[in-house]
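Here the structure is a predicted model, which means the values were calculated and not measured. Ligands are counted one by one from 1 in listed order, and the atoms in each one are counted from 1 as well.
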Amino acid sequence: MGKINKIPTFASLKNQKGLLMNTYNTIAETQSFVHQCRQNNLKIGFVPTMGALHQGHLSLIEKAKAENDIVIASIFVNPIQFNNKEDLQKYPRTLEKDAAMLQSIGCDAIFAPSETEMYPEPDTTVFDFGMLDKVMEGKFRPGHFNGVAVVVKRLFEIVKPDNAYFGEKDYQQLQIIKAMVAQKNLAVNIIPYPIVREADGLAMSSRNMRLTEEERTIAPFIHKTLSEAKEKAKQLSPSELTTWVLNQIQIQAIMKTEYFEIVDASTLLAITNWNDSEHAIGCIAIFLGNVRLIDNILLK
Ligand code: AMP
């Protein structure tokens, strides 16, 4: 009799609602899990995160669960996408709590590598995204999107997902990932997910937990202003609307607008006339005290 290979069953790879979730810190273990999934013809959905999870992240996991056989989440605070040291240091890290949340909603595996596991040597790849990474976030956070593209490409190489899920809250990031996948011909579908908000409209973000009580009370003003802007877009030109938004935000003394731009939803270039774009989106970055928050809204 020939040797019988122990082939893992679908059930042994899958987290049947909190029963089992594999947590891996190394690339090798993760690749071995992925390999077993592939051998079993299981479709893999992937949700990359930096942890400090909230319902926004969990919604991505739930969508991934509905559309795939196996869901893998990564938790990695990627140092090379932070252009501000303090932001990196203060980024919340709550791995145990995150793992419990992922386990309870039936995520199948977590990849939570250390910095040296991901970058044994500095990665000097430089991507060319044209104007996509020069505007808005790219203008104010130089190097940020190159760091995002480097880490996501590495994660895709390790996890080899069929589908990967990204939130529209980081709208520019989503466009960058799509561009990176197209440039590198990666065999992964990029699936967007709408912004998940708190009951008062504030876009969920891991950074919200750094807001003081007073800042947290004022923070929903961002979405309130963007929602009103969507109404006003029917009467005002893009530049008039931009001025209106900037003036509104100024009402809140502790809010400082870094940028508000109305851009074409695909090229991310600023528009001067609504007719120039099929879809236009308003993107904002605000400092509320020391905490930088971003949000956006489809205006057309
Ligand atoms: P992060 O951990 O901030 O890197 O986010 C991981 C993924 O979750 C990214 O694709 C984000 O766009 C997405 N995400 C974060 N916050 C939200 C939210 N409020 N709604 C939808 N997706 C989100």
Side-chain angles (χ1 to χ4, degrees), residues 45-67 71-84 87-88 90-95 97-99 101-102 105 107 110-113 118 136-137 141 144-156 159 161 163-181 188-211 216 219-220 222-223 226-227 265 268 281 283-286 291-298:
F46 178 45
V47 180
T49 82
M50 297 203 298
L53 301 183
H54 50 66
Q55 188 52 47
H57 299 110
L58 299 188
S59 302
L60 298 182
I61 302 274
E62 272 156 5
K63 182 165 171 66
K65 272 173 65 68
E67 297 178 354
V71 176
I72 303 178
S74 64
I75 296 182
F76 179 61
V77 182
N78 177 34
I80 65 166
Q81 72 183 66
F82 285 80
N83 56 314
N84 177 329
D87 194 24
L88 173 62
K90 295 211 168 133
Y91 202 86
R93 289 163 175 86
T94 56
L95 187 57
K97 189 171 160 228
D98 294 344
M101 284 165 92
L102 290 171
I105 62 158
C107 181
I110 309 183
F111 175 47
M118 280 305 275
M136 301 191 290
E137 291 296 284
R141 302 182 68 188
H144 167 65
F145 286 122
N146 203 72
V148 169
V150 165
V151 80
V152 172
K153 180 164 176 287
R154 277 189 177 218
L155 290 168
F156 283 175
V159 175
N163 299 310
Y165 296 79
F166 290 86
E168 287 177 347
K169 171 166 170 282
D170 301 279
Y171 188 82
Q172 192 171 4
Q173 168 173 284
L174 177 62
Q175 303 309 313
I176 295 279
I177 303 292
K178 284 185 186 166
M180 187 271 287
V181 164
V188 50
N189 301 313
I190 301 304
I191 314 227
Y193 193 86
I195 302 176
V196 180
R197 300 182 178 281
E198 302 286 356
D200 58 15
L202 175 64
M204 288 191 185
S205 164
S206 308
R207 290 184 170 90
N208 292 351
M209 63 175 80
R210 287 181 47 211
L211 296 171
R216 177 62 190 82
I222 302 170
H223 177 59
L226 294 186
S227 301
L268 302 185
I281 181 162
C283 299
I284 198 161
I286 297 260
V291 184
R292 186 175 184 278
L293 300 177
I294 58 170
D295 202 343
N296 64 73
I297 197 158
L298 190 67

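- Where the criterion is an N or O separation shorter than 3.5 Å, residue side chain and backbone included, Ile195 fails it with respect to ligand 1.
- When side chains are defined from C-beta on, Gln172 does not count as touching Ile281, because their heavy atoms never get closer than 4.5 Å.
- Closest protein heavy atom to atom 20 (N) of ligand 1: Val196 N, 2.8 Å.
- Below 4.0 Å from some heavy atom of Phe166 lie the following atoms of ligand 1, by number and element: 10 (O).
- At a heavy-atom cutoff of 4.0 Å, ligand 1 is contacted by the side chain of Leu60 but not by its backbone.
- Heavy atoms of Ala52 stay at 4.0 angstrom or farther from ligand 1.
- Scanning all protein heavy atoms for the shortest distance to atom 4 (O) of ligand 1 gives Met50 CG, 3.6 Å.
- When the heavy-atom distances from atom 17 (C) of ligand 1 to His57, Arg197, Gln173, His54 are ranked, the shortest goes to His54.
- Ligand 1 has a nitrogen or oxygen under 3.5 angstrom from a nitrogen or oxygen of Asp170.
- Remark: side-chain polar atoms of Tyr171 are paired, donor with acceptor, to backbone N or O of Ala265 under 3.5 angstrom.
- Looking at Ser205 against ligand 1, nothing comes within 4.0 Å, counting heavy atoms.
- The protein heavy atom nearest to atom 6 (C) of ligand 1 is Pro48 O, 3.4 Å.
- Atom CG of Leu60 and atom SG of Cys107 lie 11.5 Å apart (nearest 0.5 Å).
- Close approach of ligand 1 to Met204 (heavy-atom distance below 4.0 Å) involves ligand atoms 16 (N), 17 (C), 18 (C), 19 (N).
- Residue Glu67 holds its CD atom at 5.0 Å from CD1 of Ile191, rounded to the nearest 0.5 Å.
- Between Ser59 and ligand 1 there is no heavy-atom distance shorter than 4.0 Å.
- Heavy-atom proximity to atom 9 (C) of ligand 1, evaluated over Gly56, Ser74, Ala73, Gly167, is greatest for Gly167.
- Using modelled atom types, one side-chain atom of Asn296 and one backbone atom of Glu168 make a donor-acceptor pair closer than 3.5 Å.
- What you find for Arg207 and Asp87 is that their closest heavy atoms are NH2-OD2, 2.9 Å.
- For Asp200 (side chain) and Leu202 (main-chain N/O), a donor-acceptor pair under 3.5 Å exists by modelled atom type.
- Separation of atoms CG (Asn163) and CZ (Phe46) is listed at 12.5 Å; rounding is to 0.5 Å.
- Between Tyr91 atom OH and Met50 atom CE the span is 3.5 Å, to the nearest 0.5 Å.
- Remark: distances from the non-hydrogen atoms of Tyr91 to ligand 1 include one below 4.0 Å.
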**OP:** Give the intermediate values and the outcome of side-chain contact (heavy atoms from CB on, under 4.5 Å) for residues Cys283 and Glu137.
**Re:** CA-CA 9 Å; Cys283 299; Glu137 291 296 284; over 6 Å; no
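- With respect to atom 21 (C) of ligand 1, the closest heavy atom belonging to the protein is Pro194 O, 3.5 Å.
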